[in-house]
There are 2 protein chains.
Amino acid sequence: MAETRSVDTRERILDAAEKLFTANGFDGTSMRQITGAAGVNLASVNYHFGSKEALVQEVFRRRLAWLNTERLRVLTTMEQAAGDKPLKPSQIVEGFFGTLLGMAQDEARGGVTFLRLLGRTLTDPADFIRTFLADEYQEVVERYKAALFKALPDVPRAEIAWRFHFMLGATSYAIAGTDALRLVTDWQVDDEDATDRLDRLQPRLMSFLLGGLRAPLPKF
Amino acid sequence: MAETRSVDTRERILDAAEKLFTANGFDGTSMRQITGAAGVNLASVNYHFGSKEALVQEVFRRRLAWLNTERLRVLTTMEQAAGDKPLKPSQIVEGFFGTLLGMAQDEARGGVTFLRLLGRTLTDPADFIRTFLADEYQEVVERYKAALFKALPDVPRAEIAWRFHFMLGATSYAIAGTDALRLVTDWQVDDEDATDRLDRLQPRLMSFLLGGLRAPLPKF
DNA sequence: GTCTATATCATGATAGAC
DNA sequence: GTCTATCATGATATAGAC
């Protein structure tokens, strides 16, 4: 019985931590807040995860394991269907960023909460977290990069690399901007409610990303 | 004499804080680190700024005052030259993001250090900092938004708004990515050294942003 | 204006009973 | 596995001498 509860406890801690990290950041969230929100004992975090740092990593691992698998699955499926021919850039972009945005509508995968957390964390100053994320992303990014190189053989690889980076940034901010920072969005655009906004984000973002990816090359 | 030193002390604190905040984040930087690096006394931060929070705001205010003024000056100059005619989208994008990227080469304005800090901070979870930044940006963003609306009368305003947001995100990550996170950049692109990379960032980014801004509208 | 010394508090982590 | 109680640390902020 006591052992049975512990599975719940682990998940409850992870869920509460994910929400609180998203709202207040890692440093802005204490273990007392987490255990309080989860309705578990303070000491249970260290019992189950060992440390706060390990808890942070587990919050990401739980979601990224699925996301990575899914992204690879989607890419592999498309490549098999295409045979020897290169994929279209729009397919590749859709596979990478569409899969990500799809999580927003899937509460079981963390939904918007996790996406916002992930977007912000890509630029987190803490070393251990950047290293960890880079490791988690590496394989998938390599595969998608290779697909883009093949799809755009005439574009210098350095250029594609940069544009991949630009796309990542645009996407992260788009997610955060759905309700976090309102620098640019907040205006006389009252013909949409919040739900519309999220539904329409994906096609909007995809158009933008593809436009950027296929833009004329810069002259140095 | 004692009074004369205080100007130096203020600036020394701000310089040290800016560097440390960029490297380790706000929560990851203690006032002991700041005063230690600045070579001033621990108590001087509270004497000169009142609190750590106020210090954070002053670090930004010092740089953004110049950036905002410069962005408005550039836009006003272009609009006067254009008379009644709308500006070209490329001019507007260049005025907003080019002015920002120009700071990277200007050590007296904070250089790359401040840009990285600014980019990351746009998604900082702390309320006081998001509110503060939104206030600081507001006037300039309104002016540039209006210019884009005028330049692209056939594009729905909501669409332009989102694309502005996407451009902001791409730019922030591009800056951070010059040496922070290396998700996508880190490869067999050894034909460029670090200096080249920064010099070439601006034209690369501008091409991407304009491509995205002028992409075909999404179909919902 | 500058400094030392210190008050006050919150944090992450753990020891040890149950 | 769970809980209480507590330790050790490091943080911001300030009082008060110079």
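These figures come from a predicted structure and were not determined experimentally. Sequence lines set the chain letters: A, B, ... in the order given, protein chains first and strands last, and positions in each chain run from 1.
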Within a radius of less than 6.0 Å around CD of E139(B), do more than 12 heavy atoms belonging to other residues, nucleotides or ligands occur?
-> no

Under 4.0 angstrom between N46(A) side-chain N/O and dA13(C) OP1 or OP2 = yes

Atom CZ of F49(B) and atom P of dA13(D): how far apart are they, to the nearest Å?
-> 13 Å

How is S30(B) classified with respect to the nucleic acid when contacts are heavy atoms under 4.0 Å: base, sugar-phosphate, or nothing?
-> sugar-phosphate

Roughly, in whole Å, what's the span from NZ in K52(A) to P in dG12(C)?
-> 4 Å

Please report, rounded to the nearest Å, how far the P atom of dT2(C) is from the CE atom of M31(B).
-> 14 Å

Let me know the distance between CD1 of I13(B) and C1' of dC3(C), rounded to the nearest Å.
-> 13 Å

Which part of the nucleic acid does T29(A) contact within heavy-atom distance under 4.0 Å: base, sugar-phosphate only, or nothing?
-> sugar-phosphate

Does R109(A) make a cation-pi contact with F114(A) (under 6.0 Å, within 45 degrees of the axis)?
-> no

Taking the side chain as every heavy atom from C-beta outward, state whether F60(B) and F132(B) have any atom pair closer than 4.5 Å.
-> yes

Taking dT2(D), dA5(C), dT2(C) as options, the one with an atom nearest any side-chain atom of Y47(B) is dT2(C)

Between dA13(D) (P) and E53(B) (CD): distance, integer Å = 8 Å

State, yes or no, whether a side-chain contact exists between E94(A) and L209(A) at a heavy-atom distance under 4.5 Å.
-> no

Taking atom types as modelled, is there a side-chain donor on S207(A) or R163(B) under 3.5 Å from an acceptor on the other?
-> no

Could you check which of dG12(C), dT14(D), dT4(D) has an atom nearest any side-chain atom of A43(B)?
-> dT14(D)

Using a cut-off of less than 4.0 Å, is there contact between a side-chain N or O of T9(B) and OP1 or OP2 of dG1(C)?
-> no

To the nearest angstrom, how far is R12(A) atom CZ from dG1(D) atom C1'?
-> 15 Å

Could you tell me whether the phosphate oxygens of dG1(D), OP1 or OP2, come under 4.0 Å of any side-chain nitrogen or oxygen in N41(A)?
-> no

Considering only side-chain heavy atoms of R32(A), which listed nucleotide, dA13(D), dA5(D), dT11(C), is closest?
-> dT11(C)

Here the distance between atom P of dT11(C) and atom CD of Q33(A), to the nearest Å, is 7 Å

Atom-to-atom span, CG of D27(B) to P of dT11(C) - whole angstrom | 12 Å

